[in-house]
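Step one of this worksheet: look at the structure below.
Note that the coordinates shown come from a computational prediction; the quantities given were computed from them, not determined experimentally.
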Amino acid sequence: MVDGIVTEAAERFIEEIRKSDIYQEYNFQKEKLKKQPILFDRVAEYRQRNFELQSKAQGDDLLEKLDAFEKEFEDFRANPLVDDFLRAELAFCRMMQEVNVRITAALDFE
């Protein structure tokens, strides 16, 4: 069971994340993209393929496959709606990763 004080602090922290410019931009771009369901689905497919590629390929093989992947989706990424969303998503992911790293380091969690 989670300590009540920790739960309350987590809820406040979540609310601060929601208020952050980075999250607001991510959410804004996501909602714009959702207004075009076909494009939204293609972005989901792009993200899934990218994830699979990065989690399966290794070393030089990864670089070659990433290069081919980028070329395949070059025109797709040129779409401002797609590019804006993916940039906002990346910024949000990086923010969340940094938060996780800082919490883990501060708690000496190995």
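- To the nearest 0.5 Å, the span separating CD on E8 from CG on D3 amounts to 9.0 Å.
- Between the side chain of Q24 and the backbone N or O of R18, at least one donor-acceptor pair lies under 3.5 Å.
- Q97 pairs by the side chain to side chain donor-acceptor pair (under 3.5 Å) definition with nothing, not counting sequence neighbours.
- Look at E89 and R47 and you find a salt bridge, because one of the NZ, NE, NH1 or NH2 atoms lies within 4.0 Å of a carboxylate O, short of that distance.
- The aromatic rings of F76 and F73 stand perpendicular to each other, their planes meeting at an angle above 60°, with 30° marking the opposite boundary.
- For T104 (side chain) and V101 (main-chain N/O), no donor-acceptor pair under 3.5 Å exists by modelled atom type.
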**Report entry** Check against side chain to side chain contact (heavy atoms under 4.5 Å, CB included), D41 and E45
**Finding:** CA-CA 6 Å; D41 290 346; E45 177 188 334; over 6 Å; no
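- Grouping the Ile, Leu, Val, Met, Phe, Trp and Tyr side chains by contacts below 4.5 angstrom, directly or via other members, places M96 with I103.
- A 4.5 Å side-chain heavy-atom check between K30 and N27 finds at least one atom pair inside the cut-off.
- Under the side chain to side chain donor-acceptor pair (under 3.5 Å) criterion, E72 pairs with R49, sequence neighbours left out.
- A single hydrophobic cluster is not seen to contain both F40 and L90; linkage of ILVMFWY side chains at heavy-atom distances under 4.5 Å, directly or through other members, places them apart.
- For the atom pair R12 CZ and I17 CD1, the distance stands at 13.0 Å (nearest 0.5 Å).
- The side-chain heavy atoms of V99 and F13, taken from C-beta on, include a pair separated by under 4.5 Å.
- Here CG of D84 is found 10.0 Å from CG of L33. Values are rounded to the nearest 0.5 Å.
- Applying the 6.0 Å contact sphere to CG of D21 captures no more than 12 heavy atoms from other residues, nucleotides or ligands.
- Scored by the salt bridge (charged side-chain N to carboxylate O under 4.0 Å, His left out) test, E11 finds no partners at all (sequence neighbours excluded).
- Taking SG from C93 and CD1 from I22, the interatomic distance works out to 11.0 Å, rounded to the nearest 0.5 Å.
- Between the CG atom of L86 and the CD atom of Q29 there is a distance of 10.0 Å, given to the nearest 0.5 Å.
- A search for side chain to side chain donor-acceptor pair (under 3.5 Å) contacts involving Y46 returns R77, not counting sequence neighbours.
- Hydrophobic clustering, with ILVMFWY side chains joined whenever heavy atoms are under 4.5 angstrom apart, groups V43 together with L66.
- For residues 77-100, the set of pairs meeting the ring-ring contact (aromatic ring centres under 6.0 Å, His included) definition, not counting sequence neighbours, comprises Y23-F92, Y26-F85, Y26-F92.
- Contact of the E70 side chain with the E74 side chain is not registered, since no non-hydrogen atoms from C-beta on lie closer than 4.5 Å.
- Contact of the M95 side chain with the E98 side chain is not registered, since no non-hydrogen atoms from C-beta on lie closer than 4.5 Å.
- Atom CG of L39 sits about 13.5 Å away from atom NZ of K34, to the nearest 0.5 Å.
- The environment of I38 atom CD1 is sparse: at most 12 non-hydrogen atoms of other residues, nucleotides or ligands sit within 6.0 angstrom.
- Residues passing the side chain to side chain donor-acceptor pair (under 3.5 Å) test with D67 are K71, sequence neighbours excluded.
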